[in-house]
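Structure first, then comments.
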Protein chains: 2
Amino acid sequence: MKKPSDRTASDTVRRATLEDVARLAGVSKMTASRALRGAADVSKTSIEKVQVAAAHVGYVGNNLALSLSAQQTNLIGVVIPSLTNIVFAEVLSGVADAVEGTGRQSVFGVTDYDPDKEYQAIRNMLSWRPAGLIVTGLDQPDKTRRLLEAADIPIVQIMDLDGDPIDAVVGLSQTRAGADMALALITAGRRKIGYVGCSLNRDTRAYKRRAGFVEALDQNGLTLVGERCSDAPSTAQEGRALTADLLGQFPDLDCIYFSNDDMAMGGVFHCMSAGIQVPDSIMIAGFNGLDFVDSLPVKIATSRTQRREIGRRAVQIINDGVADGVQRSFDFPPMIDLG
Amino acid sequence: MKKPSDRTASDTVRRATLEDVARLAGVSKMTASRALRGAADVSKTSIEKVQVAAAHVGYVGNNLALSLSAQQTNLIGVVIPSLTNIVFAEVLSGVADAVEGTGRQSVFGVTDYDPDKEYQAIRNMLSWRPAGLIVTGLDQPDKTRRLLEAADIPIVQIMDLDGDPIDAVVGLSQTRAGADMALALITAGRRKIGYVGCSLNRDTRAYKRRAGFVEALDQNGLTLVGERCSDAPSTAQEGRALTADLLGQFPDLDCIYFSNDDMAMGGVFHCMSAGIQVPDSIMIAGFNGLDFVDSLPVKIATSRTQRREIGRRAVQIINDGVADGVQRSFDFPPMIDLG
DNA sequence: CTGAAAGCGCTAACAG
DNA sequence: CTGTTAGCGCTTTCAG
């Protein structure tokens with residue numbers, strides 16, 4: 001174990017501070033600080049000396065001290081329910097895009113669709129004093145909502161539009177998305193329609209899509225012939241199993257609406273294995289418009305959502321600040337593609 | 001604009017500090033601090049008063065001040081090349097698992113397989129003084145490597161084992177994984193083997209798998225009959241297109257090794273559309289063992305990697321600290337499944 | 001059981 | 001152009 005007195009310039013026991021750099025360069029902390037930040041009014045010689053010194057000790061600034069001093073951080077917090085759902089990964093990707101080059105940095109928290117974890121995640125984020133927060137959905141419990149309202153930073157709720165926003169919103173009406181798909185399928189001549197979904201009790205957006213879908217059916221004198229739901233995370237596996245089960249009971253369905261594309265993929269695989277023609281004997285409809293949809297050997301319907309764009313716009317809103325009169329609500333309606 | 005003097009307890013112009021809470025509770029900052037942290041030796045009355053005050057103003061501690069003061073953070077940095085590749089999302093998922101309940105928090109950075117962005121991401125992370133860093137791969141450029149070596153915190157390199165580690169490593173030999181798959185396919189009787197991959201110039205792990213694969217073929221007197229590679233990100237779409245192209249030139253291939261399962265999925269879809277029997281006339285082999293592989297209507301080969309487990313173990317290593325003599329290298333070899 | 005003082009590393013504001 | 005002072009919000013001493 002090295003003692004402090006053993007330290008040398010290239011030592012790594014303790015990260016070099018600005019003071020170390022300054023001393024080595026033979027200037028004051030302030031001059032070093034200014035030189036490193038490229039401020040005007042610093043002599044060429046000082047800049048040079050400081051840069052050499054900084055490089056020599058491998059100086060990396062301390063953002064904790066910087067942010068504490070500046071009373072603000074460059075952090076943008078993003079709270080999403082899941083990472084294994086590629087949709088949210090793509091939202092993050094859009095966030096990363098938009099953040100690039102702005103000097104801001106994004107920080108993520110995952111909730112697993114658990115309101116308690118969501119509360120904790122948001123609290124954690126807030127304790128780092130981010131410049132803004134992006135959270136998924138509009139249905140936070142009161143406790144969480146109060147926390148967000150008291151935060152005094154821009155809050156952007158994404159992926160949903162049905163509800164009462166805290167501050168800004170970027171997303172789509174999930175209810176309408178479900179309804180629109182129902183209408184499209186009815187228009188395409190389908191009448192014996194089933195539903196397959198996962199974790200509707202936790203995923204309020206999937207729940208809203210189903211609700212919108214069912215209501216639109218109702219308005220057209222139809223009802224769901226049958227449905228299968230489970231609490232498992234949505235995967236192709238689960239979609240396949242539930243589809244097999246549903247079709248076992250209702251073999252004459254001519255259409256199934258799935259809670260998303262992953263589930264729908266499983267449905268497609270079941271049909272292919274069982275020799276059921278898609279879409280001739282049965283139409284498969286998913287949600288999101290994920291990449292693989294276009295390369296499937298059969299055509300399925302889907303609602304193409306603008307996930308990256310939503311992430312990008314959310315960041316923009318935060319970067320633009322809270323100027324009055326600026327639009328705080330953005331609709332990115334999905335485009336329906338029947339395949 | 002409110003002036004400071006307008007502030008009330010429930011005001012949100014400026015987040016409440018410990019001092020605000022203390023004043024409201026009629027105790028000193030220290031007593032408030034101790035009460036909030038559940039320290040021993042605080043009177044019941046004080047605890048109560050402080051908690052009420054904290055709740056009243058919606059107090060959220062300031063982690064910047066806390067960490068600066070404590071000279072350490074609860075942060076674990078994770079630097080990955082991509083989020084839209086579900087594999088890394090699953091690694092993060094494992095990280096999140098392992099972090100849960102430890103009081104630590106994970107922070108992610110994404111590099112897009114770009115060494116410059118990787119350097120920046122790591123520097124950014126380091127400026128927050130994390131307790132440890134998890135980075136992907138063993139092939140960082142010298143500059144980045146020096147940065148990591150000087151950081152004086154546990155560094156865990158994940159997903160690869162072929163190379164010279166900086167500190168700790170958790171992963172698998174990509175070269176060996178490729179070789180093992182080659183041997184398995186040869187053993188299964190395949191001889192006319194092709195390859196389809198994406199972004200091998202950036203994804204060094206995919207590159208290593210291909211290299212190991214080719215070398216194993218060579219040792220068995222075989223060579224790749226043909227291959228198709230592109231610089232695009234790996235998707236089912238891309239896999240499908242490249243497969244179509246490759247089979248156009250070499251229709252008599254009896255096997256294709258893909259850079260990963262996503263690409264392989266595209267290959268499967270092409271074969272199904274083109275009426276090519278899988279695996280009878282052609283075997284399809286991917287990598288990772290993603291969920292959907294098991295629900296595909298045809299059987300494909302894959303190497304099942306232990307992604308979550310790798311993420312978990314990486315966190316463990318950091319949490320366990322740098323005790324001497326502790327194992328710093330962990331092999332999680334994938335299991336080959338021929339379908 | 002409680003409080004006052006000092007300091008974490010940095011920068012804004014003010015002097016030279 | 002350069003340096004000094006003060007302070008960001010918290011905790012760790014050290015005294016009561």
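Below, read A as the first sequence line, B as the second, and so on, with proteins coming before strands; counting in each chain starts at 1. All values below were derived from every heavy atom in this structure, side-chain atoms included, with hydrogens, water molecules and symmetry-related copies excluded. Not measured: the values here are computed from a predicted model.
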Side-chain N or O of [X] versus OP1/OP2 of [N]: is the shortest distance under 4.0 Å?
X: B:Ser28; N: C:dA4; result: no
X: B:Gln71; N: C:dG9; result: yes
X: A:Tyr59; N: C:dC10; result: yes

Decide yes or no for [X] and [Y]: does some side-chain heavy atom of the first lie under 4.5 Å from some side-chain heavy atom of the second?
X: B:Ile317; Y: B:Val170; result: yes
X: A:Phe108; Y: A:Ile134; result: no
X: B:Pro154; Y: B:Asp167; result: yes

Want to settle it: does A:Ala70 or B:Ala70 sit nearer the 5' end of DNA chain C, counting the closest nucleotide to each?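 Result: B:Ala70.
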Here's a test of your reading of the structure: between B:Gly26 and A:Met30, which maps to the more 5' nucleotide of DNA chain C?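 The 5'-side residue here is B:Gly26.
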Give [X] one of three labels, base, sugar-phosphate or nothing, depending on what nucleic acid heavy atoms sit under 4.0 Å from its own.
X: B:Ser46; value: sugar-phosphate
X: A:Leu68; value: base
X: A:Arg37; value: sugar-phosphate
X: B:Asn62; value: sugar-phosphate

In whole Å, I'd like the distance from the [atom1] atom of [X] to the [atom2] atom of [N].
X: B:Arg129; N: C:dC10; atom1: CZ; atom2: C1'; value: 11 Å
X: A:Leu36; N: C:dG9; atom1: CG; atom2: P; value: 16 Å
X: B:Ile47; N: C:dT2; atom1: CD1; atom2: C1'; value: 13 Å

Test your reading of the model: is there a side-chain donor-acceptor pair from B:Asn63 to the backbone of A:Trp128, 3.5 Å cut-off?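 The answer is no, because no donor-acceptor pair under 3.5 Å joins these two groups.
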So how far off straight is the helix from C:dC1-D:dG16 to C:dG16-D:dC1, going by the axes through five pairs at either end, to 10°?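 It comes to 40° between the two terminal axes.
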Could you list where the contact with chain B starts and ends along DNA chain D, reading 5' to 3', using a 4.0 Å heavy-atom cut-off?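 From 5' to 3', the first and last contacting nucleotides are D:dG9 to D:dT12.
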